[in-house]
Amino acid sequence: MAHLSRVIVLIDMDCFYCQVEEKLDPTMAGKPIAVVQYNPWRGGGIIAVNYPARDKGVTRHMRGDEAKRKCPNIVLARVPQVRGKADISKYREAGNKVAEVLQTFTNLLERASVDEAYLDITEAVEKRLNNESHNIDVDKLINTFVVGYADTKEFIRLANNNELFENNVKLAVGGLITEEIRAAVLEKTGYKCSAGVAHNKILAKLVCGLHKPNKQTILPHDSVSILYESLPVTKIKSLGGKFGKTLSEELNITFMSQLAHFSEKQLAQKFDDKTGRWLYNIARGIDNEPVTLRLISKSIGCCKQFPGRTALTATRDVKHWTSELASELSERLAKDQEENNRKGKQIVISFAQNDIHSSRTIPLNSYEQSKIAECALAVIDKFCQRSDGSYSINFLGMSVGNFQEINQKSSITKFFLNMSKKQKISDEKNIQDTESITAIPQKCSEAKEISALEEEPNNQTEDDASDLSIYSRTTEEMEMDSDDLIYYEDICPNSVSSEPIHCFTISSQSSEEMESSRRSSMQSFFAKYFGDKTNETQEEDQQGQTVTVRGPQPEEKIEVPEVERPIPMLSFRLPQNLNEENSVLCDVCNKKVKLVNFGHHMDFHEAKSASKQNSSPTATLNKYVKEAQSKAKVTAVKRKSTEKLKPISSFLLATDGLNESNSEVCLECSKRIKLCDIASHTDYHVAKKLHDEINARPLPKSIMPSTSKKKYPETNENGITKFLKKYPEL
DNA sequence: CATGGGGCATGC
DNA sequence: GCATGCCC
Ligand SMILES: Nc1ccn([C@H]2C[C@H](O)[C@@H](COP(=O)(O)OP(=O)(O)OP(=O)(O)O)O2)c(=O)n1
Ligand SMILES: [Mg+2]
Ligand SMILES: [Mg+2]
C-alpha cells in the first residue's frame, strides 16, 4: 500500500510565544501567561496563551483587560515594540533554534510556520527496523497516545507480536524516534512541544492537536475511520475556513466519516476535479503531499495597520511609517543574506485605503533602508496620494521575495567544503546529500534592472556536470526510483522549485541549472532530463488540451515592446449604467475575469506570453483591444505596459480645507467634496459598492495542494507527469 | 475606531 | 502581476 509507506511527523511547539517569554523570565514559570501586542488599548491583543491561562478561559484574540478579568493573576508578556510597531523577531529566532535541532534527525524537513515543522522519517524508521530487530520498549513511549487504543501498551504488544500490519510497526518505531526528537528539542532549547505521527502530513497535523501539551499521538491507519466518525470536517487543515463551511452545507454533512459516502465523481461534480479527488482521498485517510525540503522562508516582510482614526493622511506620516517599515525590513534582509547566502530580487508594496487592499510588485536592487523606503514611497505616492497631496491609508506593508543564491565559490568547491563538515545523528544514508542541498549555490544573475515583464536572456550551455546528473537517466529509471525522490525548495526558492530530485544526484545539480528565467530553466531541465524522447512526449494538461513538450529552442531575446494597452474604464472612471455583469470573458484564456481585475489579468497574460517563444504580445493585445471593448462594454484607454493600474481605492478624496464655495456635500457619504472632484468621487462610491459586491459574492473555492490535480494519476503517478503538473505551461 | 503581524499557495 | 483564502 503505497500511501501507507511513509512515516510523517508534525512537531508543533506548545503555546510557543509564551514558552519563549517564560524561558526569558523564569519567574513566570507555572503561572498563567499570555502574550499581548500593543498593551495600551484595552490591554493589548492576545496572540498566545499558555495552558494554565487557557484553563481559566483566556483565549487568543481576547484583549489583555478581559484576560485579567478572567484570570486576575495572569502574566501579560508583551511583544517587543521596535520602531513603533510590534516586532516578532525573537519568536522567529526561537523557532529557528528549534528547527536546527529537528534538522539533526532527518534530511526531509519542511518548516510549516514559526513553531511547527513536518519531518519525513521513513528512512530512519526503516533503518532502525533493519538494524535492531528487538522489541519496542513501551517504557520509551511514556508520552505517547495511540488513536483507537485505550492503552499504548496494547498497541505496542500487538506490534511486538507481529499481530499488526507492518505499517503500524513503522508508526510505532516512528513514535519511538519522535519521543527522542522531542526530548532533544527540550534538552537543546528548553521548549516543550507536541507531535503527531501518521502516514501523511494531513493526518500528522490533525492528531498532533489531539493530546496537546507535551504529548504525542500516533494514528494507525486502521484507526482513521474511528477518528473520523466524530471529527468535524473543519478540523482538517484547509477546511477550517469558508470552503469547509460550504462543503458541510453543500453535502449536508458534519463529520469526516460522512464525506466518505460520496464518490469521487460526485465530489468532482460538486466542486472540481482537483478538489473532488483531494476530498475523496482525504476522506479515506490518503494524502500524497510530499514533505518538501524547506528550511527557510520564501519571503521576508513586515507590515502595520493604521485602524480608524490612526489612518495615515499626512505626507510626513506616510513617509515616517514607510521609513520605519523599510528600516525593519532592511535589517532583517541583511541578516538573512548573512545566514542564507541569498538576495531577494522583488519587493511587494502593499497598502489599504478604506480597507481596500492593493499591492504592487517592483524589482528590488538594494537592501539599503533608504533605497527601500524610497521606492516604497514612490509606489505609495503614485497610487495613494490624492490631488490635494493627502492620503487615507490604513495599512502599509512591504515584502521581499524571489530570493536567489549569491555565488561566490563554485558550486563544486562549496559542495566538497560542506561534505567534510558536520554530520548528524539518526539516519545516515542520505545525510551527505542533504548537506549538499543546503550548500549548493545557484547562479545569481546580476541585479540588473529589468522590467517586470522582461525575462533575462541566458545562455543555455551544455554544462559538463550534466553527464553526471539525473538528466542522463531515462524516464523509466526515474519512475522506478520515485520513492527516492526528494522534493526540495531550498536550492531553488523561485517558482522553478519543487522538482523532485534524486538523492544520489543532488550533488551533481550544478548551479548552471538554476536560472533566473523560469522558461529557459524548464526547457533545459526537461530536455536534458528526458533526452530526445522529450521532443515527442505528449501529455494532457489540466484542461485536457494536448500539449507538446518542446526540446530546447535557440536563444531568443524576448522583446518587450512599449505596448499601448487598453484598460477597463473602471480603473479611473466607471460607466454610468453598470449592467449586472461583474465579469468579462477574457479573450486570451476564455475564462471569466472580474471586471476590476481585468487590467491585471492582462498583465498576467503578458507576463506569461513573454516567457513563451511563439506568441507575440502585441498581436494578442491587439486582439484583446477589440474584444474587450465590445464584450465588456467598457471604454478603453491607453496605458503604457510599463505603467501599473490604479487601484479602486484611489478614488479616495481629501476632506480638509473645503467650504461651500469650493465644494459640495456628497449625498452618499455626507462628506464635503471639492467641486472638481465630485465626478470621480461619485465614481468612487460606485467602485466601492462594486468592489464590495464582487468580494462578497463568490462561492468559496477550495485551495488544494498541487498533487491532487493530475488527471490520470494511476497511470502517471510519477515520472513525467510529476514534472508536467508543476509546469502547466509545457 | 481596533486582534495584529506574518507567511504560503492558488486562481485568473 | 495581483487578489484571495487559509493558516500560524
Ligand atoms: N493567529 C495567530 C496564531 C498564532 N500566532 C503565533 C503565537 C503562537 O504562540 C505561535 C504558534 O501558533 P500555534 O497555533 O501553534 O499556537 P501555540 O503554539 O501558541 O499553542 P499550541 O500549544 O496550541 O500549539 O504563533 C499568532 O501570532 N497569531
Ligand atoms: Mg504551537
Ligand atoms: Mg503551530
Side-chain angles (χ1 to χ4, degrees), chain A residues 12-13 16-17 35-38 40-48 59-64 66 79 85-89 91-92 95 110-116 205 234 237-244 272 274-275 289 292 294 297-311 325 328 332 346 348-350 355-362 394-397 399 401 452-453 489 495 498 542 583-584 586 588-594 596-608 610 641 644-645 647-648 691 694-695 698 700-706 709 728:
Chain A
D12 186 294
M13 308 309 294
F16 188 47
Y17 289 11
V35 175
V36 298
Q37 51 188 8
Y38 303 122
W41 194 69
R42 295 186 20 175
I46 290 176
I47 57 173
T59 66
R60 182 146 41 223
H61 299 153
M62 232 171 225
R63 287 284 156 184
E66 196 181 346
V79 175
K85 68 176 279 300
D87 183 329
I88 63 171
S89 299
Y91 310 110
R92 228 182 260 119
E110 178 176 346
R111 288 200 67 183
S113 81
V114 67
D115 89 321
E116 66 201 72
K205 167 75 182 165
T234 53
K237 187 185 170 85
S238 90
L239 298 183
K242 297 181 187 182
F243 180 69
D272 60 54
K274 183 183 164 192
T275 306
E289 276 308 291
T292 305
R294 193 173 70 231
S297 64
K298 294 178 168 183
S299 63
I300 295 176
C302 59
C303 59
K304 174 153 180 60
Q305 296 190 184
F306 305 95
R309 258 201 214 345
T310 65
L325 290 174
E328 180 185 328
R332 286 168 53 197
Q346 261 187 344
V348 180
I349 309 300
S350 306
D355 291 326
I356 298 174
H357 288 246
S358 300
S359 68
R360 292 296 181 269
T361 309
I362 54 177
N394 56 13
F395 174 86
L396 280 182
S399 178
L453 300 173
E489 299 184 343
S495 39
S498 295
Q542 211 181 332
S583 300
V584 300
C586 173
V588 181
C589 61
N590 221 19
K591 278 180 177 162
K592 209 175 52 179
V593 180
K594 283 183 207 161
V596 283
N597 292 336
F598 203 44
H600 299 309
H601 179 75
M602 293 317 293
D603 286 342
F604 152 75
H605 278 306
E606 191 172 328
K608 273 207 150 176
S641 71
K644 306 208 182 216
L645 290 165
I648 276 195
H691 183 276
I694 284 171
N695 291 318
K701 284 193 172 176
S702 68
I703 310 291
M704 295 310 164
S706 51
K709 83 160 89 161

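All values below come from the heavy atoms of this structure, side chains included, with hydrogens, waters and symmetry mates left out. In what follows, chains are A, B, ... by sequence order, proteins preceding strands, each numbered from 1. Just so you know, these numbers come straight off a predicted model, no measurement behind them.
Between Ser297(A) and Pro307(A), the residue whose closest nucleotide on DNA chain B is further toward the 5' end is Pro307(A). Comparing Glu110(A) and Ile47(A), the nucleotide of DNA chain B nearest to each residue sits closer to the 5' end for Ile47(A).
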Report task. List the steps and the verdict of side-chain contact (heavy atoms from CB on, under 4.5 Å) for Ile88(A) and Tyr17(A). Result -> CA-CA 9 Å; Ile88(A) 63 171; Tyr17(A) 289 11; 3.9 Å; yes

Report task. Any chance you could lay out the side-chain contact (heavy atoms from CB on, under 4.5 Å) test for Glu110(A) and Arg294(A), step after step, and finish with the verdict? Result -> CA-CA 5 Å; Glu110(A) 178 176 346; Arg294(A) 193 173 70 231; 4.3 Å; yes

Requested in this report: Applying side-chain contact (heavy atoms from CB on, under 4.5 Å), run through Phe395(A) and Cys303(A) and close with a yes or a no.
Outcome: CA-CA 7 Å; Phe395(A) 174 86; Cys303(A) 59; 3.6 Å; yes

Report task. Report the C-alpha distance between Val36(A) and Ile46(A) in whole Å, list the side-chain angles of each, state the deciding distance to 0.1 Å, and finish with yes or no for side-chain contact (heavy atoms from CB on, under 4.5 Å). Result -> CA-CA 4 Å; Val36(A) 298; Ile46(A) 290 176; 3.5 Å; yes

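Residue contacts for Leu239(A): at a heavy-atom cut-off of 4.0 Å it reaches the sugar-phosphate backbone alone, with no base atom in range. Using a 4.0 Å heavy-atom criterion, one finds that Ser702(A) contacts no nucleic acid atom at all. Note on Arg42(A): nothing from the nucleic acid sits closer than 4.0 angstrom, heavy atoms only.
Using a 4.5 Å heavy-atom threshold, the side chains of Ser702(A) and Lys274(A) count as separate. Between Lys205(A) and Asp12(A) the shortest side-chain heavy-atom distance falls below 4.5 Å. Looking at heavy atoms from C-beta onward, Tyr91(A) lies in side-chain contact with Val79(A) at the 4.5 angstrom threshold.
Across the protein-nucleic acid pair, His600(A) atom NE2 and dG1(C) atom P stand 12 Å apart, rounded to whole Å. Atoms CG (Asp87(A)) and C1' (dG4(B)) sit 13 Å apart, rounded to a whole Å. Summarising the geometry, the separation between CD on Gln37(A) and C1' on dC8(C) is reported as 13 Å, rounded to the nearest angstrom. Spacing between atom CG of Asn394(A) and atom P of dC1(B) amounts to 15 Å, rounded to whole angstrom units. The distance from atom NE2 of His357(A) to atom P of dG6(B) is 14 Å, rounded to the nearest whole Å. Atom CD1 of Ile88(A) and atom C1' of dC8(C) are 9 Å apart (whole Å). Between Lys85(A) atom NZ and dG6(B) atom C1' the separation is 9 Å, expressed in whole Å. The OH atom of Tyr91(A) sits 17 Å away from the P atom of dG4(B) (whole-angstrom rounding).
For Thr361(A), the side-chain atoms get nearest to dG1(C) when compared with the rest of dG1(C), dA9(B), dC6(C). Among the nucleotides dC8(C), dG6(B), dC6(C), the one closest to the side chain of Asp12(A) is dC8(C). Here the nucleotide nearest the side chain of Arg92(A), chosen from dG1(C), dG5(B), dG6(B), is dG6(B). Closest to the Asp115(A) side chain, of the nucleotides dC8(C), dG5(B), dC6(C), is dC8(C). In the set dC12(B), dG1(C), dG6(B), the nucleotide with an atom closest to the side chain of Gln346(A) is dG1(C).
Phosphate contact (OP1/OP2 of dC1(B), side-chain N/O of Thr310(A), threshold under 4.0 Å): absent. When the side-chain nitrogen and oxygen atoms of Arg63(A) are compared with OP1 and OP2 of dG4(B), one or more of them lie within a distance under 4.0 Å. Side-chain N/O atoms of Lys237(A) include none lying less than 4.0 angstrom from OP1 or OP2 on dC8(C). Phosphate proximity of dG5(C) to Lys242(A): present, with a side-chain N or O under 4.0 Å from OP1 or OP2. Dashed line: the shortest gap from a side-chain N or O of Arg332(A) to OP1 or OP2 of dG5(B) is not under 4.0 Å. Here Arg111(A) does not reach the OP1 or OP2 of dC8(B): none of its side-chain N or O atoms lies under 4.0 Å away. In this structure, Tyr17(A) does not reach the dC8(C) phosphate: none of its side-chain N or O atoms is under 4.0 Å from OP1 or OP2. Residue Ser299(A) has no polar side-chain atom (N or O) positioned under 4.0 Å from OP1 or OP2 of dG7(B). Look at Lys304(A) and you'll find a side-chain N or O under 4.0 angstrom from OP1 or OP2 of dG5(B). Applying the 4.0 Å criterion to OP1 and OP2 of dC2(C), one finds that Arg360(A) has a side-chain N or O inside that range.
Side chain Gln305(A) to base dG4(B): no donor-acceptor pair is found below 3.5 Å.
A stacking contact between Tyr38(A) and dG4(B) is absent: the pair does not combine a ring-centre distance of less than 5.5 Å to the base's six-membered ring with planes differing by less than 30°.
With a 3.5 Å ceiling on both atom-pair distances, the Watson-Crick or G-U wobble partner of dA9(B) is dT4(C).
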